[in-house]
Amino acid sequence: MLIQAPKGTNDILPEDIHRWQHVERMFATLCAQFGYREIRIPVFEHTELFFRGVGETTDIVQKEMYTFEDKSGRSLTLRPEGTAGVVRSYIEHGMSSQAQPVKLYYNLTAYRYEKMQKGRYREFHQFGMELFGAADPAADAEIISLLALFFERLGIGNLSLNLNSIGCPVCRTDYNQILREFLSDRIVTLCETCRDRYDRNPMRILDCKEESCRQQVKQAPALLDHICEDCRGHFDALCSKLEIMGIRYAIDKGIVRGLDYYTRTVFEFVSRNIGTQGTVCGGGRYDGLMEACGGPKTPGIGFGLGVERLLMEMESQCLEIALPEPPLIYIGSIGDRAIAAVETMCCDMRRKGISCVKDVMGRSVKAQMKYADKMGTRYTMVLGDNEIESGRAALRDMKSGESKDISLDSLTDRLLKFKEA
RNA sequence: GUGGGUGUAGCUCAAUCGGCAGAGCGCCAGAUUGUGGUUCUGGAGGUCAUGGGUUCGAUCCCCAUUACCCACCCCA
């Protein structure tokens with residue numbers, strides 16, 4: 001093998017494509033029903049955007065981005081997620097002057113340089129959604145209910161919805177103080193970076209990878225227990241809306257996500273069936289993001305959904321997805337006259353919208369029929385000199401094996417009727 | 001970034017205690033010269049992951065590399 005696909009990338013083969021097309025169609029339909037419109041953004045952006053939009057302190061920005069210089073020396077980066085690009089587009093196209101709220105959805109690939117394993121790839125597919133302009137908990141509830149309906153329509157059961165609130169910058173300032181007090185007599189046991197974090201951003205200590213730090217932090221007070229009154233009200237309102245809609249959830253005080261610009265609601269839908277990379281969908285509110293990217297102060301909420309993981313989950317639940325329709329008819333040919341006649345017939349039928357296939361290898365009738373069978377066409381017909389002379393041929397139904405002698409002139413009309421049936 | 005497992009045909013896998021590499025499936029062709037599915041026969045297809053070492057001889061033993069799979073971590 002001379003050249004393989006780069007590590008962490010996958011070909012999506014014709015055998016599997018119907019699964020992808022199915023969930024893509026379902027998602028697009030659902031979004032439209034909720035009044036969301038599709039947006040498509042570039043695969044690469046200025047690196048600076050992700051510094052601001054994802055956060056310079058995050059793992060994603062610090063070690064996982066595909067960053068390169070183009071020929072004029074600009075620093076560009078393959079998008080590691082969708083939200084930053086959508087926010088940039090919102091600002092750039094002045095969407096703040098459109099009717100509010102602005103509701104957008106997308107289906108895109110994202111790129112992260114990570115050590116790969118099950119459910120984690122360097123190029124992966126994400127469905128996502130952003131709702132701009134709405135600060136009300138009703139917006140949070142709508143996004144979550146849309147997801148719940150999406151999974152329901154796909155027939156996916158038993159995903160658990162985990163919910164948390166990480167408050168606003170105000171409660172985080174207070175919480176940081178509480179955290180510092182908790183950590184003050186343990187600071188000597190923390191790693192060097194964490195001792196540094198103690199003053200600048202103590203919350204980052206909570207997800208330090210050093211084993212010793214993780215031990216120290218286990219008993220730390222939870223942010224959810226210390227959010228301000230407004231944030232508490234927002235969270236409680238969301239919870240009660242979910243309850244009214246009959247959406248089951250669990251509160252998980254451990255969900256934090258990219259802390260820098262996220263505010264209040266954070267949530268994820270998690271599977272237990274698809275390995276350790278069980279987060280099928282993660283999202284949250286980011287009321288500070290638009291401003292951080294240089295736009296007008298605008299609340300926002302959204303999510304990203306891993307399509308590979310979604311399909312894995314569906315596979316693990318043995319959900320059947322209908323195969324695509326094969327071509328309606330295969331028309332075989334024997335001899336030069338028939339080959340010419342079949343070419344003309346196929347041109348004509350295709351123009352009328354009938355899917356038909358013919359030989360392009362000059363093979364034997366037997367080989368042609370075998371091929372038709374493997375493709376699964378519903379009908380076959382073979383033309384030779386006799387059929388050209390008489391203007392009649394046998395139309396065979398491949399499932400029943402029965403043939404019917406029909407005139408070639410009537411073939412197109414018949415097939416158009418079969419197609420509708 | 002850390003650890004464990006596996007690399008033999010397009011796919012799923014054998015075998016060789018170190019001596020010319022195998023099956024099933026798939027693909028191609030044939031079985032009274034013009035008709036698929038079942039059956040039978042034949043054929044094509046391998047740098048035995050790559051590079052070094054030991055050996056008369058390595059797909060097999062040793063070392064390194066690489067890829068894939070899985071876990072830690074992080075996330076979608």
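Naming convention: chains lettered A, B, ... in sequence-line order (proteins, then strands); numbering from 1 in each chain. Quick note: numbers below take in every heavy atom, side chains included, and nothing from hydrogens, waters or symmetry partners.
- Among A:Arg120, A:Arg122, A:Lys63, the one residue that satisfies the salt bridge (Lys or Arg N to Asp or Glu O under 4.0 Å) test with A:Glu114 is A:Arg120.
- A donor and an acceptor atom never sit less than 3.5 Å apart when one is taken from the side chain of A:Arg363 and the other from the base of B:C28.
- Atoms CD1 (A:Ile274) and P (B:A71) sit 11 Å apart, rounded to a whole Å.
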Task: Per-nucleotide pairing state of RNA chain B [Watson-Crick or G-U, under 3.5 Å; [ ] pseudoknot-crossing; | other strand] - done: (((((((..((((.....[..)))).(((((.......))))).....(((((..]....))))))))))))....
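- Distance check on atom P: B:C56 versus B:C69 gives 41 Å, rounded to whole Å.
- Using atom C1' as the reference point in both B:G26 and B:G10, the two lie 7 Å apart (nearest Å).
- Without hydrogens or angle criteria, A:Thr344 side chain to A:Ala340 main chain gives a donor-acceptor distance under 3.5 Å.
- For the C1' atoms, the distance linking B:G46 with B:A23 amounts to 15 Å, nearest Å.
- The separation of B:C60 from B:U2, taken at their C1' atoms, amounts to 31 Å, rounded to a whole angstrom.
- Expressed to the nearest 0.5 Å, how far CD of A:Gln317 lies from CG of A:Leu154 amounts to 10.0 Å.
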- [ ] Produce a footprint string for nucleotides 34-40 of chain B: one letter per nucleotide, 5' end first; B if the base is under 4.0 Å from any protein heavy atom, S if only the sugar-phosphate is, - if neither.
- [x] BBBB---
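- One atom, OH of A:Tyr262, and another, P of B:C75, lie 11 Å apart when rounded to the nearest Å.
- A distance of about 13 Å separates the P atoms of B:U59 and B:G18, rounded to the whole Å.
- Comparing the P positions of B:A21 and B:A9 gives an interatomic distance of 14 Å, to the nearest angstrom.
- Between the side chains of A:Glu64 and A:Tyr113, not a single donor N or O lies within less than 3.5 Å of an accepting N or O.
- Rounded to whole Å, atom C1' of B:A76 lies 14 Å from atom CZ of A:Phe269.
- Rounded to whole Å, atom P of B:A76 lies 13 Å from atom CZ of A:Phe151.
- In this model, a donor atom of one side chain and an acceptor atom of the other lie less than 3.5 Å apart for A:Tyr111 and A:Thr109.
- If you take CE on A:Met375 and OG on A:Ser355, they are separated by 9.5 Å, rounding to the nearest 0.5 Å.
- In this pair, A:Phe418 and A:Tyr379 present their aromatic rings parallel. The plane angle is below 30°, not in the 30 to 60° band.
- The base of B:A76 sits within donor-acceptor range of the side chain of A:Arg112, with an N or O pair under 3.5 Å.
- Looking only at distances, no side-chain donor or acceptor of A:Thr265 sits under 3.5 Å from a matching main-chain atom of A:Arg285.
- Atom pair A:Asp59:CG and B:A76:C1' shows a separation of 15 Å (rounding to whole Å applied).
- With no hydrogens or angles considered, a side-chain donor-acceptor pair links A:Tyr106 and A:Glu130 at under 3.5 Å.
- With rounding to the nearest 0.5 Å, the separation of CZ in A:Arg79 from CG in A:Leu108 is 4.5 Å.
- Counting to the nearest Å, the P atom of B:A76 and the CZ atom of A:Arg79 are 15 Å from each other.
- Between A:Ile156 atom CD1 and A:Met314 atom CE the span is 5.0 Å, to the nearest 0.5 Å.
- At a threshold of 4.0 angstrom between heavy atoms, the contacts of A:Gly332 with the nucleic acid are absent.
- Here A:Met245 contributes atom CE and A:Ser145 contributes atom OG; the two are 4.5 Å apart, rounded to the nearest 0.5 Å.
- With both ends at atom C1', the span from B:C48 to B:C13 equals 14 Å, rounded to whole Å.
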Provide a list of protein-nucleic acid N or O atom pairs under 3.5 angstrom, restricted to nucleotides 64-70 of chain B.
unit_1	atom_1	unit_2	atom_2	d
B:C68	OP2	A:Lys7	NZ	3.2
B:C70	OP2	A:Lys118	N	2.7

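- Using a 4.0 Å heavy-atom distance criterion, A:Val307 is classed as making no nucleic acid contact.
- The separation of B:G36 from B:G30, taken at their P atoms, amounts to 12 Å, rounded to a whole angstrom.
- Atoms CD (A:Glu81) and C1' (B:C75) sit 12 Å apart, rounded to a whole Å.
- B:C11 atom P lies 15 Å from atom CG of A:Asp16, rounded to whole Å.
- Distance check, rounded to the nearest 0.5 Å: NZ of A:Lys7 to OH of A:Tyr121 gives 13.5 Å.
- If you check every strand for non-hydrogen atoms under 4.0 Å, A:Gln368 touches nothing.
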